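Contents: one structure, followed by commentary.
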Amino acid sequence: MPALFTVSDPSRVALEGPSGGVVEELLNPRPGDHARSPRGILSRCHSGTPQGDLQAGVHRPILIDHRLMMAAFLPLESGMEKSMQSVSIAEIIRDDTPLENEVVTVKGWVRTRRDSKAGLSFINLSDGSCFTPLQLVVPGELSNYSSEVLKITAGASIIATGRLVPSKGKGQNLEMQVDSIEVVGWVDDPETYPIQPKAHSFEFLREMAHLRPRTNTFGAVARIRHCMASAVHRYFHDNGFFWIHTPIITANDCEGAGEMFRVTTLDPADPPRDEQGNVDFSKDFFGRQSHLTVSGQLSVETWCMALGKVYTFGPTFRAENSNTSRHLAEFWMIEPEIAFADLADDAALAEDFLKYIFKAVLEEQPDDMKFFNDRIDKGCIERLERFVDSEFVRMEYTEAISILEKAVESGEKFDFPVKWGIDLQSEHEKYLTEKHVDGPIIVVNYPKDIKAFYMRMNDDERTVAAMDVLAPGIGEIIGGSQREERIDVLDRRIAEMGLEIDDYWWYRDLRRYGSVPHAGFGLGFERTIIYATGMANIRDVIPFPRTPNSAEF
RNA sequence: UCCUCCGUAGCUCAAUUGGUAGAGCGAGCGGCUGUUAACCGCUAGGUUACUGGUUCAAGUCCAGUCGGGGGAGCCA
């Protein structure tokens with residue numbers, strides 16, 4: 001049964017003009033008007049501008065504050081009386097909720113139960129819709145009070161109906177005075193239920209990956225992750241990009257970017273052999289060796305050369321034996337690619353994009369961010385706010401090296417020696433972004449010998465048009481480049497790197513037929529979540545982490 | 001892959017020089033209470049990761065295996 005959306009507060013909806021500024025005219029939807037989506041209401045209520053313009057993107061409805069959107073549109077379940085509606089706790093606990101004194105039904109999992117011998121019990125209930133649990137006040141007069149309510153333990157699933165009233169206690173504004181409560185699923189053997197109402201180590205919870213979503217931290221991470229993923233798509237969509245679903249299975253190792261996972265249907269115990277005794281992959285499913293993708297970049301470049309502005313956002317796989325808090329064997333990567341663009345355009349996109357998604361997190365998930373700020377990483381909100389407000393410093397690689405060399409002369413100690421031609425180490429990146437600038441930096445034009453073959457050769461023939469975005473507290477957050485669009489230069493680079501030119505025939509074709517300058521970058525989604533939340537380990541910002549020796553769930 | 005630290009109750013951790021296995025939380029029972037990291041009392045709960053060795057005696061020392069954390073490299 002599809003939900004209906006009803007206008008509750010029409011004053012909070014505004015129009016954005018084509019240049020991004022807010023247009024003066026406000027929409028004027030009628031309170032009580034309803035449709036199957038907020039956009040439907042906006043379209044219907046839009047009277048000042050022709051409908052065609054709205055659809056053409058000349059004007060598009062936006063909401064000045066995403067939280068206010070939730071306040072402006074009240075979803076109702078079709079065919080149900082408001083007094084009996086099933087609602088999410090997020091709707092109940094938000095400011096100026098219209099649900100006060102209404103009778104509603106909530107469904108969720110018990111966090112804690114506390115009994116009062118005054119003849120009532122308190123149950124903290126979470127349904128996952130928001131950080132804050134709802135307090136249920138369960139009177140002892142309920143028929144199943146002693147037979148069931150007093151036996152409810154952490155983790156049990158329940159459905160409760162009652163009136164939402166101002167709380168007599170501290171810690172919450174509204175609570176539910178329960179009229180009826182139904183236990184849907186009991187906790188079998190409460191003593192061994194792993195998620196107790198106490199602090200657990202993240203290491204322990206990783207071994208309980210199927211139950212850790214029920215904790216404060218992992219619920220908050222999941223909502224932040226969703227918020228950021230939505231913001232990624234919204235940013236690109238609003239800026240005219242198309243999402244390209246590049247393949248997971250790939251038959252070329254074009255980038256040579258480390259170890260790949262093999263995809264095969266051959267029998268590992270008895271594979272077909274050729275005359276030399278080697279495994280004969282022509283008999284394999286795809287008639288050749290195939291692997292899981294390590295990057296969608298080369299594939300997405302082909303679509304960039306037709307659609308102009310494109311991006312990928314999907315899973316990526318690396319079979320490297322990396323055991324660190326920043327590496328996963330399966331992670332999600334975001335890779336935009338823009339045509340008729342150079343490195344400066346690429347850098348500008350990276351800066352605008354990062355600021356947008358971090359701003360979205362701050363505005364849309366304030367309760368979850370407050371939790372991270374209070375309990376996980378003190379100061380992470382201020383760090384994000386400063387990031388969003390900062391101007392990214394642009395710096396040449398050559399300049400970065402001379403800054404580091406001067407730092408060494410002034411007594412700064414690095415484990416790795418600094419000299420032109422090296423790749424910047426973590427310690428070097430930290431010095432630049434934390435001590436020298438104290439803010440985000442985009443380092444550009446790296447030596448060609450430490451970068452990939454597809455990056456565009458600069459006129460000095462020593463450097464390529466590569467860039468890294470460095471941020472305080474995390475180091476490299478984005479790596480990108482302008483791509484080599486000149487077929488002769490590209491061929492030379494492929495040869496220099498000892499790569500097999502025939503493997504790149506379709507990639508080279510892009511340079512033979514209507515080649516244009518283009519650029520793009522790659523962003524590890526989980527690393528971005530780490531930066532926003534202050535979570536220390538990347539295994540705790542993805543639902544089911546895959547690392548060497550670990551794929552239990 | 002390298003360096004380093006760790007593995008004791010359902011969870012978080014103690015256990016002196018090698019000398020009887022402990023606490024808090026959680027769970028069960030009881031008391032108290034519009035409670036919210038509740039509080040008070042009692043009870044249950046252990047092959048100290050595994051295998052072998054040294055010793056009168058091993059959670060503790062030694063060797064190996066497995067698992068995990070942190071750092072490095074690779075990278076996103």
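Treat the numbers as computed from the prediction; the structure is a model and nothing was measured. Letters A, B, ... mirror the listed sequences (proteins, then strands); counts begin at 1.
- Classified by interplanar angle (parallel below 30°, tilted 30° to 60°, perpendicular above 60°), the ring pair A:Phe241/A:Tyr235 is tilted.
- The nearest whole Å value for the distance from the CD1 atom in A:Ile123 to the C1' atom in B:G34 is 15 Å.
- For A:Asn124, counting side-chain heavy atoms from C-beta on, the closest listed nucleotide (B:G73, B:G69, B:U36) is B:U36.
- Within the nucleic acid shown, A:Asn323 comes within 4.0 Å of at least one base atom, counting heavy atoms only.
- Using a 4.0 Å cut-off, no side-chain N or O of A:Gln135 falls inside it from OP1 or OP2 of B:U35.
- Contacts of A:Arg326 with the nucleic acid, taken as non-hydrogen atoms under 4.0 Å apart, include base atoms.
- For A:Asp127, the side chain to side chain contact (heavy atoms under 4.5 Å, CB included) partners at least two apart in sequence or on another chain are A:Ser88, A:Ile89, A:Ser129.
- In this view, A:His428 and A:Phe414 satisfy the ring-ring contact (aromatic ring centres under 6.0 Å, His included) rule, not counting sequence neighbours.
- Partners of A:Arg546 under the salt bridge (charged side-chain N to carboxylate O under 4.0 Å, His left out) rule, at least two apart in sequence or in another chain, do not exist in this structure.
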Atom pairs and distances, side-chain donor-acceptor, residues 537-544 of chain A, under 3.5 Å, sequence neighbours left out:
unit_1   : atom_1 : unit_2   : atom_2 : d
A:Asn537 : OD1    : A:Arg539 : N      : 2.9
A:Arg539 : NH2    : A:Thr324 : O      : 3.3
A:Asp540 : OD1    : A:Arg206 : NE     : 2.9
A:Asp540 : OD1    : A:Arg212 : NH1    : 3.2
A:Asp540 : OD2    : A:Arg206 : NH2    : 2.7

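- Among the atoms of the strands shown, only primed sugar atoms or phosphate atoms (P, OP1, OP2) are found under 4.0 Å from some heavy atom of A:Gln425.
- For A:Ser426, a side-chain nitrogen or oxygen approaches OP1 or OP2 of B:G73 to under 4.0 Å.
- You'll find the ring centres of A:Phe353 and A:Phe236 inside the 6.0 Å limit.
- Heavy atoms of A:Ile478 sit nowhere under 4.0 angstrom from any nucleic acid atom.
- At a cut-off of 3.5 angstrom, counting only N and O atoms as typed in the model, there is no donor on one side facing an acceptor on the other between the side-chain of A:Ser322 and the base of B:C75.
- B:C6 and B:G59 are spaced 14 Å apart, taking the C1' atom of each and rounding to whole Å.
- Residues A:Glu526 and A:Ala536 each lie close to RNA chain B; by heavy-atom proximity, the contact nearer the 5' end of the strand is made by A:Ala536.
- For B:A21 and B:U47, the P atoms lie 14 Å apart once the distance is rounded to whole Å.
- The side-chain hydrogen bond (donor to acceptor under 3.5 Å, both in side chains) check on A:Asp179 picks up nothing, with sequence neighbours excluded.
- Position along RNA chain B of the nearest nucleotide to A:Pro194 versus A:Asp115 favours A:Pro194 as the more 5'-ward residue.
- A close approach under 4.0 Å does occur between a side-chain nitrogen or oxygen of A:Ser201 and OP1 or OP2 of B:U12.
- At a cut-off of 3.5 angstrom, the base of B:C11 holds no donor-acceptor pair with the side chain of A:His200.
- The distance from atom CZ of A:Phe202 to atom P of B:C11 is 17 Å, rounded to the nearest whole Å.
- When the C1' atom is used for both B:A9 and B:U43, the distance is 15 Å, rounded to whole Å.
- Contacts of A:Arg456 classified as side-chain hydrogen bond (donor to acceptor under 3.5 Å, both in side chains), with partners at least two apart in sequence or in another chain: A:Glu485.
- Comparing the P positions of B:A38 and B:U17 gives a spacing of 37 Å, expressed to the nearest Å.
- One P atom belongs to B:C42, the other to B:G24, and the distance between them is 10 Å to the nearest Å.
- Atom CG in A:Asp540 sits about 12 Å away from atom C1' in B:G69, given to the nearest Å.
- Between A:His200 and A:Phe204, the ring-plane angle classifies as parallel under the 30° and 60° cut-offs.
- Taking the six-membered ring where the residue is Trp, the centroids of A:Phe261 and A:His291 are separated by 6.0 Å or more.
- Among the atoms of the strands shown, base atoms are found under 4.0 Å from some heavy atom of A:Gln177.
- Residue pairs satisfying the salt bridge (Lys or Arg N to Asp or Glu O under 4.0 Å) criterion with at least one member in residues 133-158 of chain A, sequence neighbours excluded, are absent.
- Atoms CD1 (A:Ile538) and P (B:G71) sit 12 Å apart, rounded to a whole Å.
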Output field dot_bracket for RNA chain B (Watson-Crick or G-U, both distances under 3.5 Å, | for other-strand pairs) contains (((((((..((((.....[..)))).(((((.......))))).....(((((..]....))))))))))))....

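- One interatomic measurement links the two molecules: CZ of A:Phe414 to C1' of B:A72, which rounds to 17 Å at whole-angstrom precision.
- Between A:Arg539 and B:G69 there is a side-chain N or O to OP1 or OP2 distance below 4.0 Å.
- Between the side chains of A:Gln135 and A:Arg111, no donor-acceptor pair of N or O atoms lies under 3.5 Å.
- Less than 6.0 angstrom separates the ring centroid of A:Phe313 from the ring centroid of A:Phe525.
- Closest to the side chain of A:Glu203, from the set B:U36, B:U1, B:G68, is B:G68.
- Nucleotides B:U20 and B:G30 are separated by 37 Å at their P atoms, to the nearest Å.
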Counting primed atoms, P, OP1 and OP2 as sugar-phosphate and everything else as base, the B/S/- map of nucleotides 25-30 of chain B against protein heavy atoms under 4.0 Å is BBSS--

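- B:U16 and B:A58 have their C1' atoms separated by 16 Å, with the value rounded to a whole Å.
- As judged by a 4.0 angstrom heavy-atom cut-off over every strand, A:Glu175 is placed among the base-contacting residues.
- Counting non-hydrogen atoms under 4.0 angstrom, A:Arg375 reaches nothing in the nucleic acid.
- Across B:G22 and B:A44, the matching P atoms stand 14 Å from one another, rounded to whole Å.
- Rounded to whole Å, atom P of B:C75 lies 12 Å from atom CZ of A:Phe331.
- Comparing B:G68, B:G34, B:G73 by their closest approach to the side chain of A:Ser167 singles out B:G34.
- Nearest to the side-chain atoms of A:Ser550 among the listed nucleotides B:G68, B:U36, B:A72 stands B:G68.
- Note: CZ (A:Arg546) to C1' (B:C75) measures 20 Å, nearest angstrom.
- Between A:Ser116 and B:U33, a side-chain N or O to OP1/OP2 separation shorter than 4.0 Å is absent.
- Base engagement by A:Phe122 is indicated by at least one non-hydrogen atom pair under 4.0 Å involving a base atom.
- You'll find that the side chain of A:Asn537 is closest to B:G70, out of B:G34, B:G70, B:C74.
- One finds no side-chain N or O of A:Arg111 lying less than 4.0 angstrom from the OP1 or OP2 phosphate oxygen of B:U36.
- We find that CG of A:Asp423 is positioned 15 Å from P of B:A72, with the value rounded to whole Å.
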